[in-house]
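I have placed the structure first, in the form of structure tokens, so that the comments after it can refer back to it.
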2 protein chains.
Amino acid sequence: MNVKETVDIQRASQILKLLSDKTRLTMMKLLSSHECCVCEFVEIFKMSQPAISQHLRKLRDIELVKEERRGQWIFYSINCEHEEYMLIKSILDQLPEQDESIHELKKQGLRISCN
Amino acid sequence: MNVKETVDIQRASQILKLLSDKTRLTMMKLLSSHECCVCEFVEIFKMSQPAISQHLRKLRDIELVKEERRGQWIFYSINCEHEEYMLIKSILDQLPEQDESIHELKKQGLRISCN
DNA sequence: TGTGTATATAAGTATATTATTATATACTAC
DNA sequence: GTAGTATATAATAATATACTTATATACACA
């Protein structure tokens, strides 16, 4: 089975549009190495919970991220099986690590996930 | 001298936003292998001349493309010296070739440039 | 069951984006 | 100079986007 080498322009622009928002792009970079739940993003971005939820919904709608409920929380993670994951990864790989936000969360005792 | 390995998120999202428009993304892919002038784009995209000019202006404003006047025409080309060219190229490389549009232009005798 | 916490959705608003039409500018050729 | 072609810019209108506030839903635990 062949791996697809190129991405339809229509499709690519749809993905780029979603990634072109600073908040969503940072979310994706964070998710590329750490699972996060909604309340962590609210803390990291200092944004309202509905605003965060709506960004995540957009990412979820085209399946850039996966969600998994664990008890009270819903954990988001990168969907590595995305058909255009190569494109997505090649972009995220060129962004600086966002570990500082995660460390900050931990320091404040607000980190939920373990990774 | 070191080559920069990562792109500031703010900067990356600015670039992605410009590339996320279907017309501009196609323009950039075309320009990555062919110089083009404004009237060629008007023909290719079947859009008004001001609409094309405004897209090119946005690309030019953050120096994704260069312009060069030759007589009546202004030729646009990719700016390979762009500070974030790696990011840009890695995206364009994953898009399908758009040579068909150029062949179509030539067939109709509307191609201006030689490449 | 009731209360608290986490998340999602709906409706509304402010702002950004992309087109259009009208007009200006720059060059060519007579 | 004038006419024609190529391109840019300005003003405007339609649409899309990203927030806000209010409310609904889902789970935890006493």
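Because only heavy atoms are used, hydrogens play no part in the values below, and waters and symmetry mates are left out as well, while side chains stay in. Predicted, not measured: the structure shown is a model, and the values here were computed from it.
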Below 4.0 angstrom from OP1 or OP2 of D:dA8, is there any side-chain N or O of B:R69?
-> no
Lys/Arg N to Asp/Glu carboxylate O, B:K66 vs B:E63, below 4.0 Å | no
Could you say whether B:K17 or B:R57 is positioned toward the 5' end of DNA chain D, judged by the nucleotide with the nearest heavy atom to each?
-> B:R57
Distance, rounded to the nearest Å, where B:I74 contributes CD1 and C:dT28 contributes P = 12 Å
Do B:F75 and B:L110 share a hydrophobic cluster, counting only Ile, Leu, Val, Met, Phe, Trp and Tyr and linking them when any side-chain heavy atoms are less than 4.5 Å apart?
-> no
A:I112 reachable from A:F41 in the ILVMFWY side-chain graph, under 4.5 Å edges | no
Would one find a side-chain N or O of B:K58 under 4.0 angstrom from OP1 or OP2 of C:dT17?
-> no
Whole Å only: how far is the CZ atom of B:R24 from the C1' atom of C:dA16?
-> 12 Å
In whole angstroms, how far is the C1' atom of D:dA3 from the CD atom of B:Q72?
-> 12 Å
For D:dT9, does OP1 or OP2 lie under 4.0 Å from any side-chain N or O of B:R60?
-> yes
Has B:Y76 got a side-chain N or O lying under 4.0 Å from the OP1 or OP2 atom of D:dA8?
-> yes
Whole-Å gap separating C1' (D:dC19) and CG (A:D21) = 11 Å
Can you check side-chain contact (heavy atoms from CB on, under 4.5 Å) on B:L16 and B:I91, steps first, answer last?
-> CA-CA 10 Å; B:L16 295 178; B:I91 294 168; 3.6 Å; yes
Whole angstrom is fine here: how far is it from NZ in A:K22 over to P in D:dA18?
-> 14 Å
Determine: side-chain N/O of B:R70 to OP1/OP2 of C:dC27, distance under 4.0 Å, yes or no.
-> no
What parts of residues 47-56 of chain A reach DNA chain C, counting only heavy atoms under 4.0 Å away?
-> A:Q49, A:P50, A:S53, A:Q54
What is the distance from CD of B:E67 to C1' of D:dA6, rounded to the nearest Å?
-> 13 Å
Provide the closest heavy-atom pair for B:L30 versus B:F45 in the form atom of the first, atom of the second, distance.
-> CD1-CZ, 4.3 Å
Any side-chain donor paired with an acceptor under 3.5 Å for A:R57 and A:Q54?
-> no
Rounded distance in Å - CZ (A:F75) to C1' (C:dT7) | 13 Å
Whole-Å distance between C:dA8 C1' and A:L59 CG?
-> 15 Å
Can you see which heavy atom on A:D93 is nearest to which on A:K29, and at what distance?
-> CA-NZ, 4.3 Å
